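Report on the structure given below.
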Amino acid sequence: MWCKRVNSIPAFDLTQQYKLIHEEVGRRTLEVLASGHYVNGSAVESFEQQFAAYLGTAACVGCNSGTDALYLALRSLNIGSGDEVITTPFTFMATGGMISAVGATPVFVDVDPQTYNLDLDQIEAAITDRTKAVIPVHLFGQPVDMTRVMAIAQSHQLWVIEDCAQAVGATWQGQKVGSMGHIGCFSFYPTKNLGACGDGGAVVTQDGAIADRIRVLRNHGQPQRYCSEVLGINSRLDAVQAAILSIKLGYLDAWNAQRQAIAHRYSEYLRHLPGIVAPQTLADREHVWHQYTIRVLSEAGESQNRRDAVRQKLQEQGVGSMVYYPIPLHLQPVYADLGYGSGHLPVAEQLGREVLSLPMFPELSQIQQDQVIYALKDSLL
Ligand SMILES: *Cc1c(COP(=O)(O)O)cnc(C)c1O
């Protein structure tokens, strides 16, 4: 029993990180405000260069969000009406949504219960004459086996767009995610491992011609001002966000290392708890723990969802948690007309019932980690 009331722990907390860097951020923000260049400009160009160098890619194009990054990537490859794109159903809606937004059809392939990522053994069976691309998502910060994805893609002449929104800094066999596919898409939404103070995103690629097309597409399809050659959109990164991202990029590896230490400690204690499965860490890849997501095992035919009960008990003990994602994309109402039903992608559906993401942010203290662990033990009783 607790002797005194301990403070509650949120699932994430952005205020502590801001306190750490507020002087630098304040100074650079005022400089940008004084410069009069608020959209694109030198702050954006220098962030684009720093981010490409960090990832080891030839080019980076900033844009307004991770959602736009996916849209621009698909458009730059001319993917549209009549085309199919294979992806995971166990992801944020943006991944499937942007496939639909360009007029293509998402084809959902079930996930691997260990990594929560696309089950690569099932991709080839889903390829048809219309398949143009695969979008692997490095979910929760855990990289997909990119060697295998690229081999499958090459043998079927498919494009690979990596959705790296949750995995900035993660590596597959020493290479950063986003640098191995034809295109990598990033989100700088505030809660991501590298988060702006507002919306932001980036598209990265090793192919200069693709980068050029994306630069045109993000600016209304205008290679030159007021002359549109293709239909584009307005999706620019603003200078204040770019300046803040440049500062934060300098801390990213240290922050990711703190996330890894927290995950390691959680796993030490949680690995042997009955009734849950702790997330896997695989030796051939570096996980950056955007989320630390356990499974609260359910039994067939249970009337009450055990995960929801555990989440409620954690909440009563002041420990926040989140469910990413309760409804896989193939069962989203918006996709009813694609013809998937309950039971079609059983692993994703089971994960939807079982996953629970525990508090995870670099500044989470050891005392707070212990509080989470004890509260979880209690909640499982
Ligand atoms: C956050 C996220 C996106 C979208 O990024 P936004 O910047 O919020 O538009 C896309 N895919 C995944 C997997 C995400 O987690």
Side-chain angles (χ1 to χ4, degrees), residues 11-12 14 47 51 60-75 85-102 106 108-109 111-112 115-118 133-144 146 149 160-170 177-178 181 183-204 214 217-218 233-238 241-242 244-245 248 256 259 287-293 322-330 332 334-335 348 351-352 355 357 360-361:
F12 56 85
L14 301 175
F47 172 70
F51 196 54
C60 167
V61 185
C63 64
N64 193 251
S65 66
T67 301
D68 282 3
L70 290 163
Y71 175 86
L72 293 166
L74 288 157
R75 286 287 315 279
V85 178
I86 291 173
T87 195
T88 164
F90 196 60
T91 179
F92 180 58
M93 184 62 206
T95 319
M98 291 307 101
I99 296 170
S100 307
V102 301
F108 297 112
V109 165
V111 293
D112 172 281
T115 62
Y116 313 146
N117 279 331
L118 260 181
V134 182
I135 306 185
V137 179
H138 306 292
L139 197 74
F140 301 149
Q142 168 120 287
V144 173
M146 286 305 295
V149 171
V160 175
I161 300 170
E162 297 177 68
D163 183 339
C164 309
Q166 302 188 3
V168 61
V177 300
I183 301 183
C185 296
F186 288 85
S187 164
F188 305 123
Y189 185 74
T191 58
K192 303 287 159 98
N193 290 26
L194 178 62
C197 297
D199 273 313
V203 187
V204 301
I214 288 169
L217 285 165
R218 77 166 168 181
I233 56 173
N234 163 16
S235 183
R236 299 177 286 237
L237 184 61
D238 73 64
Q241 300 308 339
I244 293 170
L245 288 166
K248 287 191 164 192
N256 279 342
R259 289 175 182 271
H287 196 319
V288 293
W289 301 101
H290 175 58
Q291 299 295 337
Y292 185 92
T293 304
M322 303 290 274
V323 175
Y324 305 113
Y325 296 94
I327 307 174
L329 300 199
H330 69 288
Q332 292 288 337
V334 68
Y335 282 141
L351 291 176
V355 285
S357 298
M360 172 55 84
F361 48 92

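This is a predicted model, so every value here is computed, not measured. Along the sequence shown, residues carry numbers from 1. Note that ligands are numbered from 1 as they come in the structure, with each ligand's atoms numbered from 1 the same way.
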Inset, instruction - Work out which heavy atom in Lys248 is nearest to a heavy atom in Gly195; give both atom names and the distance. - result: NZ-O, 2.8 Å
Inset, instruction - For a side-chain contact (heavy atoms from CB on, under 4.5 Å) with His290, tell me which candidate from Val168, Asn193, Leu139 qualifies. - result: Asn193
Inset, instruction - Identify the residue among Thr95, Val355, Asp112 that makes a side-chain contact (heavy atoms from CB on, under 4.5 Å) with Phe90. - result: Val355
Put together the list of close N/O pairs, under 3.5 Å, between ligand 1 and the protein, could you?
residue	atom	partner	partner atom	Å
ligand 1	5 (O)	Ser187	OG	3.3
ligand 1	7 (O)	Gly66	N	2.8
ligand 1	7 (O)	Ser187	OG	2.6
ligand 1	9 (O)	Gly66	N	3.4
ligand 1	9 (O)	Thr67	N	2.8
ligand 1	9 (O)	Thr67	OG1	2.5
ligand 1	11 (N)	Asp163	OD1	3.3
ligand 1	11 (N)	Asp163	OD2	2.8
ligand 1	15 (O)	Gln166	NE2	2.8
ligand 1	15 (O)	Lys192	NZ	3.0

Legend entry - Under the side-chain hydrogen bond (donor to acceptor under 3.5 Å, both in side chains) test, residues paired with Glu162 that sit two or more places apart: His138
Inset, instruction - On the 0 to 90° scale, with breaks at 30° and 60°, tag the Phe140-Tyr116 ring pair as parallel, tilted or perpendicular. - result: perpendicular
Legend entry - Near-ring test Phe47/Phe188, centroid separation under 6.0 angstrom: yes
